[in-house]
Amino acid sequence: MRSSALQALFATTCTIGPRVLPCAEGDECWPSMTAWAQLNNTLSGRLVRSLPPAAPCHVPYYDAAACDAARGNWTDPFWRSRQTGGYQDTAWENGDEACHIDGPKDMPCKQGLVPYYTAVVENVEDVQAAVNFARENSVKTRIKGASHDFLGKSSGRGAFGIHTIKLKGITFDDNFVPASCNVASQGAVTVASGEHFIDVYKAADEHGCTVVGGSSTSVGGAGGWILGGGHSFMSPVYGLGVDNVLQFTVVTADGQTRIANECQNSDLFWALRGGGGGFAITISATYKTHPAVNNISFVAFGVVANESSHTPFLATLLSLLPAFDDKGITGYVYASQTKTDVIFMKTDSDDVASVNATLAPIYDLVRQSGNDLEVTHPATGVAPSIYSLFSGGFGAAPEGVAAVLGSRLFPRSVFEDEEKIGNMSQFLGSSGVMTILCLVGGGKVNKPAADVVAVNPSWRKALTHVVVADLWPSSSTTSERNVVRSKITRITQRLAEFAGPDMGAYINEADVNEPDWQRVFWGSNYDRLLRIKNIYDPTGILTCQKCVGDESGGAD
Ligand SMILES: Cc1cc2nc3c(=O)[nH]c(=O)nc-3n(C[C@H](O)[C@H](O)[C@H](O)COP(=O)(O)OP(=O)(O)OC[C@H]3O[C@@H](n4cnc5c(N)ncnc54)[C@H](O)[C@@H]3O)c2cc1C
């Protein structure tokens with residue numbers, strides 16, 4: 001019995017070097033054209049030969065109308081999400097190959113990291129057919145929804161893609177009880193994995209409630225965001241996304257549809273709340289709803305600094321983080337070497353003055369600095385609802401650039417220590433990369449026990465998620481990109497020293513080259529996650545890069 005199972009396994013996998021890898025396009029074990037045609041039949045024609053989005057601009061894929069459409073939509077995140085080969089971060093679309101949107105027609109367009117075939121699933125049966133095919137043929141499989149991943153988890157050279165963006169539906173239930181549970185009912189919304197958050201916010205607005213979601217309009221409502229933990233500008237008030245999810249409906253690697261909640265498949269439910277991708281394919285997530293938020297005070301502005309004023313400005317911002325937490329103010333800071341953009345928000349408040357009062361040390365610094373600091377495009381106001389904030393432009397940004405990033409979660413104590421603030425602002429101010437401060441910790445994020453869900457336990461003592469990021473132009477060479485990658489890894493490791501040895505990184509916005517990634521991404525939860533991974537996906541069908549179980553190979 002055991003030996004025939006092993007024979008079956010080795011009949012459909014390829015040995016490359018010392019590792020046993022799932023089959024990729026080009027490998028001898030890659031399924032035959034007949035097998036793919038059969039899958040296409042089962043999917044009623046929804047298997048596509050996926051290509052980079054710029055492919056129609058180049059021979060042999062040239063199509064003038066499709067090329068014009070690609071050029072016109074190139075930076076639109078929603079359009080990118082709909083393309084089987086489209087990614088918001090093009091570092092994970094092309095890899096170190098190229099398929100230029102502006103290049104001449106006869107310039108070669110390389111496949112890069114875009115999966116070779118993709119099943120564009122429209123219902124649970126499609127997902128089951130795709131998963132069964134992947135398992136039976138042991139193919140390298142990648143799941144992609146809204147396509148925002150920063151660590152290359154949704155793309156892979158020669159892979160078989162399963163694209164979930166057409167799984168739609170947002171359904172409210174004011175008396176929801178998780179299946180098989182004997183608990184009091186509560187308000188909830190079930191979000192299909194192909195939904196974007198802007199549509200969830202719109203539906204919640206119409207239904208008169210609040211749903212905790214990403215601070216970007218285009219992030220997937222029940223895909224990578226929730227599986228990785230899901231932070232929000234609302235998190236200090238309501239917790240992380242994973243603190244708000246009541247139930248998942250998924251298809252596991254054996255092709256079965258399962259419900260995971262506190263009362264059934266509870267180990268899987270635990271893992272899906274922060275374990276990242278690779279445990280199952282999410283069909284939907286059911287979130288708690290909260291009463292409607294009527295007012296959100298916001299203050300936004302830019303600050304132009306010079307070499308001498310940038311570091312003191314950054315230090316002042318860092319020193320204010322505990323006060324923001326105390327006053328219930330959340331927001332984001334995007335600090336490059338010469339220009340910083342900030343937005344601060346206070347939920348359920350129409351008191352812009354109190355936000356401005358907390359910002360007084362910044363305004364004082366600007367006043368005292370003469371011409372060394374200049375405030376640009378100030379905007380303040382009170383948004384009447386969460387949807388109005390987002391539909392007014394917050395959380396909408398052009399995509400389609402290549403970004404690499406690293407991060408650490410920071411405890412409050414760092415920002416209460418003048419010496420640490422001084423050293424850290426000095427370091428970040430001269431790092432040459434962008435620093436992003438996400439004020440998404442503290443408050444309710446710090447309340448649950450460290451292991452109540454699978455996210456890195458250091459979330460429970462994190463005040464701020466600090467990201468460092470850099471970009472490269474599409475014309476850069478591989479060695480130029482490697483310089484940027486190494487720089488981000490070096491800066492991230494220094495950031496880790498400032499955060500302290502027991503703090504980790506948020507897996508959805510982290511350095512893909514993080515050494516000791518299992519500990520940094522999941523801390524003491526990793527071993528339990530690996531055990532659950534081996535129960536629900538024993539042969540590693542749902543592999544992805546730097547996902548739980550990746551050390552056994554197959555997710556390059
Ligand atoms: C512009 C932008 C804004 C962002 N803002 C935030 C933010 O406010 N808060 C925050 O926490 N993060 C944010 N992120 C990070 C974001 O959470 C991650 O990039 C996340 O992976 C995105 O999920 P996705 O489904 O959109 O992406 P995808 O690339 O489609 O998916 C990422 C991975 O998630 C898994 N996955 C996706 N769908 C499924 C599914 N149906 N079943 C099983 N696995 C699945 C797969 O492993 C996949 O590889 C942002 C990213 C970007 C690019």
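Fair warning: this is a prediction, and the values are worked out from it, not measured in the lab. Start at 1 and go down the list; that is how both ligands and their atoms are numbered. We count residues from 1, following the sequence as given.
Using a 4.0 Å cut-off between heavy atoms, Leu542 makes no contact with ligand 1 at all. Contact annotation for Ala280 and ligand 1: only backbone heavy atoms (N, CA, C, O) come within less than 4.0 Å of the ligand.
Of all the atoms in ligand 1, the ones that sit under 4.0 Å from a non-hydrogen atom of Ile281 are 42 (N), 43 (C). Taking every heavy atom of Asp149 and a limit of under 4.0 angstrom, the matching atoms of ligand 1 come to 19 (O), 21 (O), 27 (O), 29 (O), 32 (C), 33 (C). Less than 4.0 angstrom separates some heavy atom of Gly214 from each of these atoms of ligand 1: 8 (O). Atom numbering of ligand 1 starts at 1 in the shown order; those under 4.0 Å from a heavy atom of Gly220 are 26 (O). Within ligand 1, the atoms closer than 4.0 Å to a non-hydrogen atom of Gly277 are 47 (O), numbered from 1 in the order shown. Listed by number with element, the atoms of ligand 1 under 4.0 Å from a non-hydrogen atom of Gly230 are 11 (O). If you number the atoms of ligand 1 from 1 as listed, the ones under 4.0 Å from a heavy atom of Ser215 come out as 7 (C), 8 (O). Set against the non-hydrogen atoms of Val219, the atoms of ligand 1 under 4.0 Å away are 3 (C), 4 (C), 5 (N), 50 (C).
The single protein non-hydrogen atom nearest to atom 3 (C) of ligand 1 is Ser216 CB, 3.4 Å, given as residue, atom name and distance. Of the protein's heavy atoms, Glu509 OE2, 3.7 Å lies nearest to atom 6 (C) of ligand 1. Of the protein's heavy atoms, Leu227 CD1, 3.3 Å lies nearest to atom 44 (N) of ligand 1. Closest to atom 51 (C) of ligand 1 among all protein heavy atoms lies Phe150 CE1, 3.4 Å. Atom 1 (C) of ligand 1 has Glu399 OE2, 3.0 Å as its closest protein atom, hydrogens excluded (heavy atom only).
At least one N/O-N/O distance between Ile143 and ligand 1 falls below 3.5 Å. For a threshold of 3.5 Å applied to N or O pairs, the pair formed by His148 and ligand 1 contains at least one separation below that value. For ligand 1, one of its N or O atoms has an N or O atom of Lys153 under 3.5 Å away. The N/O atoms of Gln88, backbone and side chain alike, include none that comes under 3.5 Å of an N/O atom in ligand 1. At least one N or O atom of Gly145 sits closer than 3.5 Å to an N or O atom of ligand 1.
Under the 3.5 Å distance criterion, with hydrogens and angles disregarded, no donor-acceptor pair is assigned to the side chains of Asp254 and Tyr536. Judged purely by distance below 3.5 Å, without hydrogens or angles, the side chains of Thr118 and Thr84 never pair a donor atom with an acceptor atom. Judged purely by distance below 3.5 Å, without hydrogens or angles, the side chains of Asn508 and His148 never pair a donor atom with an acceptor atom. For the residue pair Ser349/Asn295, the side-chain donor-acceptor check at 3.5 Å is not satisfied. With 3.5 Å as the limit, one finds no donor-acceptor pair spanning the side chains of Ser336 and Lys339. A side-chain donor from one of Thr489 and Asp511 sits under 3.5 Å from a side-chain acceptor of the other.
Not a single heavy atom of Ala397 lies less than 4.0 angstrom from ligand 1. For Arg142, the heavy-atom gap to ligand 1 stays at 4.0 angstrom or more. Using a 4.0 Å heavy-atom cutoff, Gly241 is absent from the residues neighbouring ligand 1. The closest approach between a heavy atom of Tyr506 and any atom of ligand 1 is below 4.0 Å.
The heavy atom nearest to atom 37 (C) of ligand 1, considering only Ala396, Gly221, Gly224, is found in Gly224.
Ring planes of Trp522 and Tyr526: tilted class, angle from 30 to 60°. The aromatic rings of Phe390 and Phe394 sit tilted relative to each other, their planes meeting at an angle between 30° and 60°.
Arg273 and Glu262 are joined by a salt bridge, as a carboxylate oxygen and a charged side-chain nitrogen come within less than 4.0 angstrom of each other.
With values rounded to the nearest 0.5 angstrom, Lys140 atom NZ is found 14.5 Å from Tyr116 atom OH.
Crowding of Lys168 atom NZ: a count of heavy atoms from other residues, nucleotides or ligands under 6.0 Å exceeding 12.
Under a cutoff of 6.0 Å and an axis angle of 45°, Arg135 and Phe133 do not form a cation-pi pair. Under a cutoff of 6.0 Å and an axis angle of 45°, Arg80 and Trp74 form a cation-pi pair. Both the sub-6.0 Å distance and the 45° axial angle are not jointly satisfied by Arg142 relative to the ring of Phe160.
His231 pairs with exactly one of Trp225, Tyr506, Tyr238 by the ring pair (Phe, Tyr, Trp, His ring centres under 6.0 Å) rule, that one being Tyr506.
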